[in-house]
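Working notes for the structure below.
Residue numbers count from 1 along this sequence.
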Amino acid sequence: MPLTWGKSLVSVHIVSVADTVGYPKVLPHFPFLSSLSPSYHQTLDTKDLKVSKVTANGQAAKFTLGAKHSFMGTPLEITLPFDLSRGQHVIVEVTYETAPSASALQWLTPEQTAGKKHPYLFSQCQATHCRSMVPCQDTPAMKHTYYAQVSVPKELVAVMSALRDGEEPDPQDSSRIIYRFRQPVPMPCYLIAIVVGALESREIGPRSRVWSEKEFVDKAAYEFSETETMLKTAEGLAGPYVWGQYDILVLPPSFPYGGMENPCLTFATPTLLAGDRSLSSVIAHEISHSWTGNLVTNKTWEHFWLNEGHTVYLERMIGRSMESEQFRQFKAMGGWKDLQESVNTFGANNPLTNLVPNLNEVDLDEAFSSVPYEKGFSLLYHLEELMGGPEVFMGFVKSYIQLFSYSSITTEEWKHYLFTYFKNKVGILNKVDWNAWMYTPGMPPVKPQYDSTMADACIALSPPPQPCEEDAGSSKWEDAVPMALKMATEQGRMKFTRPLFKEVYNFDKYHEEAVRVFIVHRAAMHPVTANLVAKDLKVDTDKST
């Protein structure tokens with residue numbers, strides 16, 4: 001299931017997004033312009049958008065909104081007021097407002113920010129939330145360039161997943177400033193991103209700046225000071241970096257992920273600011289997405305492992321180049337443990353633990369796990385061992401990137417090229433149990449034998465576990481409950497927040513306390529996080545809002 005109503009024969013390019021950002025929590029008067037192929041009908045994905053007008057080349061166009069799907073939203077059907085000939089381009093403008101509850105957007109009050117003085121807005125569109133912010137073909141199969149201009153109060157700054165293209169006073173309001181952006185590299189719409197806040201930046205390299213509120217900007221600049229080294233290392237492995245600028249933006253604590261690979265502007269959680277650069281591998285991961293994911297993209301979300309498995313592989317090759325092979329092995333061991341935890345959580349027979357799952361009528365937020373990341377990496381590492389080692393297999397990965405750049409592909413296309421590239425080793429590849437790797441739930445059919453040297457050194461540093469009475473263990477567990485709930489609500493990274501809430505919820509004595517704390521803090525959470533925690537805690541979403 002493509003999870004989109006957008007028709008693939010239509011080529012859409014966002015030409016201009018003129019947006020005025022302000023409160024209440026909507027993006028008002030947000031015209032969307034696109035060019036069309038020879039069909040006089042166009043279907044776009046929307047979710048909770050209030051569409052007020054559609055024009056084609058300045059002429060009024062008929063439009064209807066179809067039936068609402070629980071998580072896919074509503075198709076926007078546009079009928080052009082004239083016939084088209086092949087090759088003709090038409091500018092379609094959709095004027096609309098987003099909903100206060102738009103799942104792609106989180107609007108923070110001043111109290112939810114570090115500075116406590118100004119509101120803050122950020123977007124998170126992956127996987128299918130862009131439709132709640134922009135009417136679009138919300139599928140990774142379609143790529144587009146975009147140009148945008150954003151009007152904000154002059155005390156705030158706007159940044160987007162694009163190159164900054166100047167700024168000027170808003171001629172319609174002297175208290176506002178207009179920021180312009182352009183993204184000349186075609187990309188899927190889940191990579192459209194916008195942030196507005198009291199932001200400052202510091203230069204951390206010849207093509208990189210770090211952005212955040214002023215309270216964290218210097219700490220972030222120190223934490224991510226190795227960015228240029230990582231970029232150069234990645235270029236040596238995968239080829240030229242085509243996106244121009246590589247900036248990092250540290251978001252407020254409610255950001256639900258470790259990082260997000262928005263082109264030109266990686267999003268990062270403030271939980272990475274450890275003070276010793278020990279968590280910078282997340283940035284290596286997001287840098288790697290500049291090739292695997294953003295440049296070569298999965299055609300549908302069933303093939304998400306093509307994005308994430310290759311990105312983890314490239315991330316760990318960066319670590320290998322900058323640190324050592326033992327470091328790569330150490331990180332891979334940690335990844336295998338994460339994979340085991342995901343399989344245990346979903347269940348070893350759950351089809352969502354397939355490397356290539358069936359996502360028909362599946363909400364992608366609920367399917368998210370480490371499976372495409374670590375099961376995908378495990379397959380690539382297994383193939384690396386079969387094909388002749390990291391240098392040999394990295395040659396394939398680089399060639400794969402060069403061949404499929406600027407396109408969206410499927411697992412079958414990847415596999416066909418794998419067999420073509422290693423044409424002299426087809427006999428070995430034919431012995432791989434592809435069905436077990438791709439379409440069978442649970443752990444991979446082959447467990448890699450990683451070098452445990454660094455892991456053993458870590459274990460040797462830890463004290464042996466002390467036996468304790470069952471009651472004493474329960475008492476210590478109870479002592480940890482307030483700390484667990486505090487951590488679950490002070491930040492919103494789902495990697496931490498969801499398991500913390502679930503563990504407390506599953507402790508019978510604190511079952512109701514977990515629900516109570518969640519309901520109190522729910523309004524401050526990111527919409528995706530709040531929705532998933534509500535389901536984890538079996539909270540009736542209609543009654544708890």
Side-chain angles (χ1 to χ4, degrees), residues 3 24-25 47-48 68-74 98-109 111-112 122-129 131-133 251-258 269 271 341-347 350-353 359 361-371 474 477-545:
L3 298 171
K25 297 178 179 179
K47 186 178 180 183
D48 300 326
K68 183 177 181 179
H69 185 276
S70 60
F71 57 82
M72 284 176 59
T74 307
T98 61
S101 59
S103 58
L105 302 172
Q106 184 171 18
W107 303 80
L108 302 179
T109 64
E111 292 73 26
Q112 292 174 280
F122 72 89
S123 66
Q124 172 60 32
C125 289
Q126 195 180 40
T128 57
H129 296 289
R131 64 191 70 187
S132 73
M133 185 175 77
L251 286 139
S254 60
F255 181 59
Y257 301 103
T269 169
T271 63
E341 290 176 356
S342 287
V343 170
N344 291 344
T345 299
F346 278 87
N350 190 320
L352 291 180
T353 64
L359 296 177
E361 285 297 320
V362 173
D363 184 335
L364 296 180
D365 290 332
E366 296 181 30
F368 182 81
S369 77
S370 67
V371 169
S474 176
W477 182 194
E478 289 190 50
D479 292 343
V481 168
M483 292 183 288
L485 292 175
K486 184 173 185 285
M487 182 177 178
T489 53
E490 282 187 342
Q491 55 76 50
R493 188 176 178 185
M494 287 196 290
K495 179 179 181 179
F496 303 140
T497 294
R498 290 186 69 189
L500 285 168
F501 266 116
K502 283 194 284 188
E503 288 294 334
V504 176
Y505 178 82
N506 290 332
F507 189 4
D508 290 342
K509 186 175 179 179
Y510 290 93
H511 175 97
E512 292 183 0
E513 178 67 1
V515 173
R516 184 194 70 79
V517 171
F518 165 67
I519 292 174
V520 168
H521 289 272
R522 182 177 186 178
M525 290 182 171
H526 187 274
V528 172
T529 309
N531 181 51
L532 292 176
V533 173
K535 291 181 179 180
D536 291 339
L537 306 189
K538 301 177 176 59
V539 172
D540 185 326
T541 55
D542 292 327
K543 292 180 181 178
S544 63
T545 53

Which atom of [X] lies closest to which atom of [Y], heavy atoms considered:
X      : Y      : value
Leu364 : Ala127 : CD1-CB, 3.6 Å
Ala104 : Cys125 : CB-SG, 4.2 Å
Met133 : Thr98  : O-CG2, 3.8 Å
Pro100 : Trp107 : O-CD1, 4.3 Å
Ala514 : Val504 : CB-CG1, 3.9 Å

For the atom pair [atom1] ([X]) and [atom2] ([Y]), what is the distance rounded to the nearest 0.5 Å?
X      : Y      : atom1 : atom2 : result
Glu490 : Met483 : CD    : CE    : 12.0 Å
Thr529 : Arg493 : OG1   : CZ    : 12.0 Å
Arg516 : His511 : CZ    : NE2   : 13.5 Å
Ser342 : Leu352 : OG    : CG    : 11.5 Å
Leu105 : His526 : CG    : NE2   : 8.0 Å
Met525 : Thr489 : CE    : OG1   : 7.0 Å

Less than 4.5 Å apart, side chain to side chain, heavy atoms only: is that true for Lys535 and Asp365? no
If you define the side chain from C-beta out and look only at heavy atoms, does anything of Gln124 sit under 4.5 Å from Val528? no
In terms of the angle between their ring planes, are His69 and Phe71 parallel, tilted or perpendicular, with boundaries placed at 30° and 60°? perpendicular
Specify whether Phe518 and Phe501 have parallel, tilted or perpendicular ring planes, treating 30° as the upper limit for parallel and 60° as the lower limit for perpendicular. perpendicular
From CA spacing to verdict: side-chain contact (heavy atoms from CB on, under 4.5 Å), Glu366, Val362: CA-CA 8 Å; Glu366 296 181 30; Val362 173; 5.7 Å; no
Could you check Thr269 against Gln491 for side-chain contact (heavy atoms from CB on, under 4.5 Å), going step by step and ending with a plain yes or no? CA-CA 9 Å; Thr269 169; Gln491 55 76 50; 5.7 Å; no
Counting only N and O atoms by type, is there a donor-acceptor contact under 3.5 Å from the side chain of Thr497 to the main-chain atoms of Ala488? yes
Between Ser369 and Val371, is there a donor-acceptor pair closer than 3.5 Å when you use the side chain of the first and the backbone of the second? yes
Would you tell me whether Ser254 and Gln106 have side-chain atoms, one donor and one acceptor, within less than 3.5 Å of each other? yes
Any chance you could lay out the side-chain contact (heavy atoms from CB on, under 4.5 Å) test for Lys509 and Val481, step after step, and finish with the verdict? CA-CA 10 Å; Lys509 186 175 179 179; Val481 168; over 6 Å; no
Can you check side-chain contact (heavy atoms from CB on, under 4.5 Å) on Lys495 and Thr271, steps first, answer last? CA-CA 11 Å; Lys495 179 179 181 179; Thr271 63; over 6 Å; no
